[in-house]
Amino acid sequence: MERGAIDVGSLDGPFDLQATLESGQSYLWTREDERAYETDGAHGGDHTYHTVVPPIDGVNDQREVVRVRQRGGVQEGTLEWESTTDATPILTHLLRLDDDLDAILARTPDDPLFERASEAYEGMRLVRDPPFSCLVSFICSAQMRVHRIHGMQRRLEATYGEPIDFEGERYHAFPTPKRLAEASEAALRDLSLGYRAPYVKRTARMVAEGETRPERAADMAYESAREWLTRFVGVGQKVADCVALFSLDFLEAVPLDTWIRSVIADRYPDCDRGGYVETSRAIRERFGGPIAGYTQTYVFHHLRSGGE
DNA sequence: TATCCAAGGTAAGTT
DNA sequence: AACTTACCTTGGATA
């Protein structure tokens, strides 16, 4: 067992672990003192979270357990971690601690809605989820509430994920493409995936059989990447944007979900161009171009947690 | 207590 | 290419 701490003050800009992990971006972490995230706008808490990380190119070369909590605030606090390995590079990768948040926020729009959102969730960062897990979790997100999406991922892990024992506890990795491809549709439905069950199975099979992998979109231009990602079953433009933004480093991606669409209708009607592609371009420009995805995530979380 | 409805959409079938 | 519709499940609202 290794343990360590990351000094938040050493980062470029603040960091809020709870706001980052409970803002509906990632469904791959579990809060230890809670069955499921309430996600009612919580931030600044000192809860402990854990995840099991798959091998990530240039970061770690085997599965690792990581537990982390934040102490002492979003400006000068520390991130205390325990892991099967040195978790500093892993956390830096997964939680985008390498982003210069001050510089990014300086590029967001001068807009009252965004001002309120960024004040309410100071230190919220985007995540950088592992691609396959991100893809599956957002396929599951269709027409589903946030805490239920989270529950589906936990059941997938418990049922099909490789177990790893750490400090007397048993953790489960996210299932491999092979395991999900081998699962029966009925078994996946038993985990309450509903009509998403065959989507997950077929997408997993595409990856397991080596046909293609979501990572391949990372080297493409943004709009090409989004279009390309829709080849996976259960992935349309919106889910493709989520994978682009929350996993593949396309910070310009703005997923057009029902919340953002209602914001567009209410506050930026000139950006509603009818189709996804054109509306996406317009709102991306309004939200800050290259960092529009950061703006989207603050606005989304703010609205979803009751702000207006 | 029973019923109804909508939830971070997508695929497949029509016009 | 643009427009409908069906699709699993279930917590929370309404009667």
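Just so it is clear: chains get the letters A, B, ... in the order the sequence lines come, proteins before strands, and each one is counted from 1. Worth saying up front: this structure is predicted, and the values here are computed from it rather than measured.
Mapping F232(A) and P255(A) onto DNA chain B via the closest heavy atom, the residue that lands nearer the 5' end is P255(A). Along DNA chain B, the nucleotide nearest to F138(A) and the one nearest to V235(A) differ in position, and the one closer to the 5' end is contacted by F138(A).
Defined by atom type and a distance below 3.5 Å, a donor-acceptor pair is missing between the side-chain atoms of Y298(A) and T108(A). A donor-acceptor contact under 3.5 angstrom links the side chains of R154(A) and T30(A), judged on distance only.
F246(A) is connected to I291(A) through a chain of hydrophobic side-chain contacts under 4.5 Å among Ile, Leu, Val, Met, Phe, Trp and Tyr, so both are in one cluster. One hydrophobic cluster holds both L126(A) and L256(A) under the rule that ILVMFWY side chains link at heavy-atom gaps under 4.5 Å. Cluster membership for V74(A) and I104(A), using ILVMFWY side-chain heavy atoms within less than 4.5 angstrom, is not shared.
Residue K201(A) contributes atom NZ, which lies 19 Å from atom C1' of dA11(B) at whole-angstrom precision. Put simply, CZ on R226(A) is 11 Å from P on dT10(B), counting in whole angstrom units. Note: CG (L229(A)) to C1' (dA11(B)) measures 17 Å, nearest angstrom. Atom CG of D257(A) and atom P of dT10(B) are 10 Å apart (whole Å).
Under the side-chain contact (heavy atoms from CB on, under 4.5 Å) test applied with L180(A), the options T203(A), T159(A), L156(A) reduce to a single match, L156(A).
dA6(C) and dC5(B) have their P atoms separated by 15 Å, given to the nearest Å. dG13(B) and dC8(C) have their P atoms separated by 14 Å, given to the nearest Å.
For the pair D16(A) (side chain) and G44(A) (backbone), a donor-acceptor distance under 3.5 Å is present.
D270(A) has a carboxylate O that lies under 4.0 Å from a charged side-chain N of R286(A), or vice versa, which qualifies the two as a salt bridge.
Ring geometry for Y27(A) against F138(A) counts as perpendicular: the plane angle is over 60°, on a 0 to 90° scale with 30° as the lower cut.
In this structure, dC8(C) makes no Watson-Crick or G-U wobble pair, since no nucleotide meets both defining distances under 3.5 angstrom.
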Classify every nucleotide of nucleotides 7-14 of chain C by which part a protein heavy atom approaches to under 4.0 Å, writing B for the base, S for the sugar-phosphate alone and - for neither, in 5'-to-3' order. BBBSB---
Can you pull every protein N or O that's under 3.5 Å from an N or O on nucleotides 2-5 of chain C?
none

